[in-house]
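A quick write-up on the structure given underneath.
In what follows, chains are A, B, ... by sequence order, proteins preceding strands, each numbered from 1.
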Number of protein chains: 4
Amino acid sequence: MKNSFGTSVIVTLFGESHGPAIGAVIDGLAPGIRIDTDYIAEKLELRKPHGRISTARHEADDYRIISGVYNGVSTGTPICIIIPNAEQHSSDYTESRGAARPGHADYTAYQKYHGFEDFRGGGHFSGRITAALVAAGAIAMSALEQKGIHIGTHIAKLGGISDTEFGTDNEDVEEKIEILSKKQFPVLDDDAASKLQGAIEAAASDGDSIGGVLETAVVGIPCGVGEPWFDTLEGVLAHALFSIPGIKGVEFGGGFDMLDARGSEYNDAFYMDGDGVRTRTNNNGGINGGISNGMPIIIKTAVKPTPSIYKAQETVDIIEGKDTVLEIKGRHDPAIIHRVRAVADAVTALAICDMLAQRYGTDWIAESK
Amino acid sequence: MKNSFGTSVIVTLFGESHGPAIGAVIDGLAPGIRIDTDYIAEKLELRKPHGRISTARHEADDYRIISGVYNGVSTGTPICIIIPNAEQHSSDYTESRGAARPGHADYTAYQKYHGFEDFRGGGHFSGRITAALVAAGAIAMSALEQKGIHIGTHIAKLGGISDTEFGTDNEDVEEKIEILSKKQFPVLDDDAASKLQGAIEAAASDGDSIGGVLETAVVGIPCGVGEPWFDTLEGVLAHALFSIPGIKGVEFGGGFDMLDARGSEYNDAFYMDGDGVRTRTNNNGGINGGISNGMPIIIKTAVKPTPSIYKAQETVDIIEGKDTVLEIKGRHDPAIIHRVRAVADAVTALAICDMLAQRYGTDWIAESK
Amino acid sequence: MKNSFGTSVIVTLFGESHGPAIGAVIDGLAPGIRIDTDYIAEKLELRKPHGRISTARHEADDYRIISGVYNGVSTGTPICIIIPNAEQHSSDYTESRGAARPGHADYTAYQKYHGFEDFRGGGHFSGRITAALVAAGAIAMSALEQKGIHIGTHIAKLGGISDTEFGTDNEDVEEKIEILSKKQFPVLDDDAASKLQGAIEAAASDGDSIGGVLETAVVGIPCGVGEPWFDTLEGVLAHALFSIPGIKGVEFGGGFDMLDARGSEYNDAFYMDGDGVRTRTNNNGGINGGISNGMPIIIKTAVKPTPSIYKAQETVDIIEGKDTVLEIKGRHDPAIIHRVRAVADAVTALAICDMLAQRYGTDWIAESK
Amino acid sequence: MKNSFGTSVIVTLFGESHGPAIGAVIDGLAPGIRIDTDYIAEKLELRKPHGRISTARHEADDYRIISGVYNGVSTGTPICIIIPNAEQHSSDYTESRGAARPGHADYTAYQKYHGFEDFRGGGHFSGRITAALVAAGAIAMSALEQKGIHIGTHIAKLGGISDTEFGTDNEDVEEKIEILSKKQFPVLDDDAASKLQGAIEAAASDGDSIGGVLETAVVGIPCGVGEPWFDTLEGVLAHALFSIPGIKGVEFGGGFDMLDARGSEYNDAFYMDGDGVRTRTNNNGGINGGISNGMPIIIKTAVKPTPSIYKAQETVDIIEGKDTVLEIKGRHDPAIIHRVRAVADAVTALAICDMLAQRYGTDWIAESK
């Protein structure tokens, strides 16, 4: 399926950084979903560079919905979102054609596309494409919220500094998601936030970059969503999340950290909470046997340090086939993790919408709760 | 796609632990692949319980290939593999119907299948199903080996003890894979092996269980395999790997561990190695922008502690809807990580075969190198 | 997807005519569907050769369900059906390896599978594989019937003789379907039936074969099922029906016959029938814009004359690459159209189940009406 | 997959007749295909209304490619084509909201989309969407031509008048395809052309409409393309072709017409033609067992009479739920079959590209012959 994701709700991405436009098509979304353009703009804003820790480069994310919405409501037919690219000066890029930027896709794109790729600004691999993903995801998120399903992401760890975690209580997680939705720098604890910003600035002042760990939570998903093999909830979510440039790890619940625990500690004991079933701990991250169990779905993703840095780097010239040294000009983000958060929310929302539509049918998401 | 995986080479799993048989269908494999039944049996052997650290329960994994192979060679049509289940005494299970085993899929299966699921022995969620996956994967692995593509997995970490890692050199990794293919307990360093066995035995003597981290390597994949968005090599491999019961995390290259590194350390510098391009480090795990770069593909997976333990556990009776305490009778593995290794190899092989067939066509895998 | 069909309810076929077994896996069927083994046997019986107009060759269609059913009810996990092949004397076939049977897949299979195909008895292309399809389809049909959706097929035309058509009234069509379900030779009008049998016998006595047209009807499908582009109800049904060996045409409603009509005659005028909407005629075959409109879905399929005939035929030897003459030994059906009817019902049922599960979710089919 | 088609080369359609734009995304096309914008414009021209037998309504089909093409060559990433809609006066449509046009999708769209559909001008069901399909198909056609694969369509039958058929000789068919590519009114025989135009004008002067049969041929496809079950060449092509609004039947080779033939007449005898294998007749339409056999692929499609006519028609008001009479204002095509020809070529090309990419890999189509 290549640049598409989903079985029942399908998103397709297109566009290059320096082409006329980027965009996304979402197919399979129910008719009757109110499309709140301010909500989408708000989510796009969260992805944009802001303040000292991001590049000053101006990105216009003025999106247009050119199909699938009528009178402000989804029609049920494919929704195409277009984000035009501002005029680009391609000449800026011609000089650097040959030198593969380490950590980027320049070399692998050249191998895959035999040199026909639009390499300017990363082309189809550019982080800019995620703007279209965020816009598409915003439509999915807003539909999910109408059904009481909430998604949020924060920086859990970076440069040795940790934020408060989401925890195991559905109501509490929902509240934290609400708080995060208003924050441009997605950190729950304000002290941690300053320290985290400081760590990013420190990397910046070294002409270097820094990565970290995001924690994403989903609350409100009914029990029983996911498949026992292959289309496990973990498998489908990880598949979607690994699309995000720079994500190199995905874990659920206890993940890699809890692996020294014994089974008696790791197993999440069930108990009755009124009529509902809950678990005392949530090391399984809300998923047993690939299927949602009613607890918060807790996902951690590893975001590698931004590969574009000011320092000179050893590399090869892929056209000439010889060693060279590269200094990347222009403005670079010392960290993108705070911006990736909006993308993590978006792909999670799209994947969850798809799983729900497969389980409950195409119209369920738009039916009154 | 539910219990199937793949676009061009597709595997479908079926069966329940206590039904007549389990099995797998592989569709889309090239005609002309020699099917080595000993090789398959050998891989199944690696998944079987052995020695003190595994259950004494006897599992017969006598498989039969009932289609798609003629004169010992794949025909190109679907290959169906059947592994009959030994006679089971279902009565053993009726008493425990209601109490959901913590960490298992009993509760979520009940929610998803409304009580119609064959719950005996975990039913369709049973680890036993992975025997079919290993058999299917063995066919894929053997085809890949003919093309110079090798896959191997070892225990990287468990109970605070670490094994030697694969490292970054293709030839070296291939050698280690070769060594591992002969080991029932998949650990490279023999000292580490004894300590790791000791840690498992310690958990066993406490009536408890233990998890750990597997490291899987793939060498020999051509550059340029994978898609920029969604069907990234990471996304597809993670999707497949999360199918394995007990896997709660998947990371590539540096993953979660390297996140305190700066970009200048994390970026893998390219250099010319003769006519080929290599990277000095391999923090990106052989994948840039979702596409293979010619370095070893390095994957780590987090295997949670086996949920079946001897200790009494708090849980709920899902039929009665009330709290209860469960003591799981029978024999349990204190660790499955050394057996999961065969499953990790298998799903990796199937996913890689699929990606290659999409890229180079259905027959490529059987063409002489 | 190759030998699989469906998005939400997926059927996969495997097996060769002279291998150990043939079979099918159905994945995605709801839990809680009663599996009536007599019903399946009955449908298999309709596909079997009977009487003078079919071959005397004995085919044992003793099927076994080896997964996905527990206590006589679907569990919601993949259902694997196996039909073992009787002991075959492969030696019968070695002599005829080279001569491609005209109208059969011998030559194209050789091109596709490079000679590795199991050519004996047609291998994976054998009409025998349809037995597995009929068994799988019977499970789907029986689930559909519980929801008031009925499917039936009869011989509409053969050798210049026509049967009564289904007509445009839902209740009337349902009655005709009920009548057909009891008939081994699927013809509504008894006079026509004798004439049609006569025409087949005439072809047989010439050592020749004969084809014809099947008419399939589906009643009871809710309005609003199907997609505007690509996954139109017509497109999905035709895709499935063209799998049946020997089908060379598929048309809906008026199809090719009504093409000399003007728009004013062809358009189906809507009218209110109580609270419901009906059309006066049904030239669109129950489908407008790719979507069901509540009228009977009417499909005609063209079944070509059975390619195996007694007459000597000019052909090529694909191994030697030279012209030759072939006389096909053994017993051949002078017509298979009356047996294909069971296959047409089966694939229609599977395709309809899939479309409904996509629209209304996986469990809908098993929910009480 | 809904509004998408394909496994390896995937096309997705979006847009509504009176929305801002319509368009298509093609994903999976090889890098390095020259994109000839004149060629695309030429194909779009063939779909446009011309002369007396088509509406005088002006449709601007000015398309823009906004991704996936760089320096006039495909990059291998998704190609998004946008065709903006001219300013529309929506008010023209509000009066007719309720009355379902017979033969159109108004009623079924209302059932499927619960009234949220953009109904203006047929919305997402409008024939206008096929312009995007023709543009996408033109890219596929032009790539196929580089590989020596040619596709063409003409009116085979209409109002009792027949055109010359393609016949069974590859070279001859290729020549006819070449001739047709230059004709706005796609008829091989010039006498037949005048009569066919006359028949359309006769329908027009009655305020009525007329349908007919298209014949499409594909030459140059290698032997061995297609799958034995489900993804048969017939099944995949029919699936794609039934997307075209107004297509109610698809047949291959002899189809419905040859059904009174005996097997001895219908079977296509093989013979050696130099080193190649040919068949004397082509009743199987170039396909045996679902797989291409090297003969021309011959497809006939039944195009129903255009449903929009000037005559008053009985129908229902779907909002009010009562009977009504509808007179459709504006300008209507008395026939669309000559324009549908460009759409038949386009979807055939897209489906063939997809089958070839699955078989030979993603890059094959762009490799020099």
Report task. Could you tell me whether the side chain of D/His124 and the main chain of D/Glu16 form a donor-acceptor pair under 3.5 Å? Result -> no

Requested in this report: For side-chain contact (heavy atoms from CB on, under 4.5 Å), just list the numbers for D/Val250 and D/Leu237, CA-CA rounded to whole Å, side-chain angles, deciding distance to a tenth of an Å, and then say yes or no.
Outcome: CA-CA 9 Å; D/Val250 174; D/Leu237 286 167; over 6 Å; no

Query raised in the report: Between D/Cys223, D/Ser308, D/Gly276, which has the largest tally of heavy atom pairs under 4.5 Å with chain C?
Result: D/Cys223

Report summary line: Answer key: most heavy-atom pairs under 4.5 Å with chain D among C/Thr279, C/Ile210, C/Asn283, C/Asn284 is C/Asn284

Report task. Apply side chain to side chain donor-acceptor pair (under 3.5 Å) to the pair D/Asp317 and D/Thr324, showing each step before the final yes or no. Result -> CA-CA 6 Å; D/Asp317 184 306; D/Thr324 185; 5.7 Å; no

Query raised in the report: Under a 4.5 Å heavy-atom cutoff, which of D/Ala109, D/Gly254, D/Ala199, D/Gly289 has the most pairs with chain C?
Result: D/Gly289

**Report entry** Whether C/Asp118 side chain and C/Gly123 backbone form a donor-acceptor pair below 3.5 Å
**Finding:** no

Query - Side chain / backbone / both / neither for D/Val303 at chain C, heavy atoms under 4.5 Å - result: backbone

Requested in this report: Please state whether the side chain, the backbone, both or neither of D/Lys157 comes within less than 4.5 Å of a heavy atom of chain C.
Outcome: neither

Query raised in the report: Does D/Arg128 reach the main-chain N or O of D/Gly15 with its side chain, forming a donor-acceptor pair under 3.5 Å?
Result: no

Requested in this report: Select, from D/Pro245, D/Ser264, D/Gly321, D/Gly103, the one with the greatest count of heavy-atom pairs under 4.5 Å involving chain C.
Outcome: D/Ser264

Query - Heavy-atom proximity to chain C below 4.5 Å, by part of D/Glu314 - result: both

Requested in this report: For the pair D/Asn3 (side chain) and D/Thr12 (backbone), establish whether a donor and an acceptor sit closer than 3.5 Å, ignoring hydrogens and angles.
Outcome: no

Query raised in the report: Is chain C contacted by the side chain of D/Thr301, its backbone, both, or neither, given a heavy-atom distance below 4.5 Å?
Result: backbone

Query raised in the report: Can you tell me if D/Thr108 and C/Asn288 form a side-chain donor-acceptor pair at under 3.5 Å?
Result: no

**Report entry** Which atoms of D/Thr315 approach chain C - backbone, side chain, both or neither, heavy atom under 4.5 Å
**Finding:** both

Query raised in the report: Side-chain donor-acceptor pair under 3.5 Å between D/Asp354 and D/Ser8, yes or no?
Result: no

Report task. Name the member of C/Gly159, C/Gly255, C/Gly212, C/Ala240 that forms the most heavy-atom pairs with chain D at distances under 4.5 Å. Result -> C/Gly212

Report summary line: Turns out that what part of D/Ser292 lies under 4.5 Å from chain C's heavy atoms comes down to backbone

Query raised in the report: Any side-chain donor-acceptor pair under 3.5 Å between C/Asp268 and C/Thr281?
Result: yes

Query raised in the report: Can you check whether C/Phe230's main-chain N or O pairs, donor with acceptor, with D/Ser243's side chain at less than 3.5 Å?
Result: yes

**Report entry** Part of D/Leu241 within contact of chain C (heavy atom distance under 4.5 Å)
**Finding:** neither

Report summary line: Whatever's closer than 4.5 Å to a heavy atom in chain D on C/Asp206 counts as side chain

Query raised in the report: Can you tell which of D/Glu234, D/Lys322, D/Arg262 has the highest number of heavy-atom pairs within less than 4.5 Å of chain C?
Result: D/Arg262

Report summary line: chain C shares the most heavy-atom pairs under 4.5 Å, among D/Ala203, D/Gly290, D/Gly211, with D/Ala203

Query - Working for side-chain contact (heavy atoms from CB on, under 4.5 Å), residues C/Glu215 and C/Ile299 - result: CA-CA 6 Å; C/Glu215 187 188 34; C/Ile299 315 160; over 6 Å; no

Query raised in the report: Contact part of D/Asp260 toward chain C, heavy-atom cut-off under 4.5 Å: side chain, backbone, both or neither?
Result: side chain

Requested in this report: Considering only heavy atoms and a distance below 4.5 Å, find which of C/Lys248, C/His114, C/Gln111 pairs most often with chain D.
Outcome: C/Lys248

Query raised in the report: What part of D/Tyr113 gets closer than 4.5 Å to chain C, counting heavy atoms only: side chain, backbone, both or neither?
Result: side chain

Report task. Classify the ring geometry between C/Phe256 and D/Phe256 as parallel (under 30°), tilted (30 to 60°) or perpendicular (over 60°). Result -> tilted

Report task. Kindly say whether the aromatic ring centers of C/His104 and C/Phe125 come within a distance under 6.0 Å. Result -> no

**Report entry** Max heavy-atom pair count under 4.5 Å with chain D, selected residue of C/Lys311, C/Arg280, C/Gln313
**Finding:** C/Arg280

Query raised in the report: Which answer fits D/Phe252, side chain, backbone, both or neither, if we ask what part of it has an atom under 4.5 Å from a heavy atom of chain C?
Result: both

Query - chain C contact via D/Lys304 - which portion, at a heavy-atom distance below 4.5 Å - result: both

**Report entry** Parallel, tilted or perpendicular: rings of C/His239 and D/His239 (30°, 60°)
**Finding:** perpendicular

Query raised in the report: With only heavy atoms counted, which part of D/Ser126 is less than 4.5 Å from chain C, the side chain, the backbone, both or neither?
Result: backbone

Query raised in the report: When you measure from the side chain of C/Glu117 to the backbone N and O of C/Gly115, does any donor-acceptor pair fall under 3.5 Å?
Result: yes

**Report entry** Option in D/Asp323, D/Val11, D/Thr232, D/Val225 with maximal non-hydrogen atom pairs under 4.5 Å from chain C
**Finding:** D/Asp323

Report summary line: Applying a strict 4.5 Å limit to non-hydrogen atoms, the region of D/Arg101 in contact with chain C is backbone

Report task. Heavy atoms only, distances under 4.5 angstrom: which of C/Tyr107, C/Tyr271, C/Tyr110 has the most pairs with chain D? Name it, please. Result -> C/Tyr107

Query raised in the report: So which part of D/Ala202 gets closer than 4.5 Å to some heavy atom of chain C, the side chain, the backbone, both or neither?
Result: both

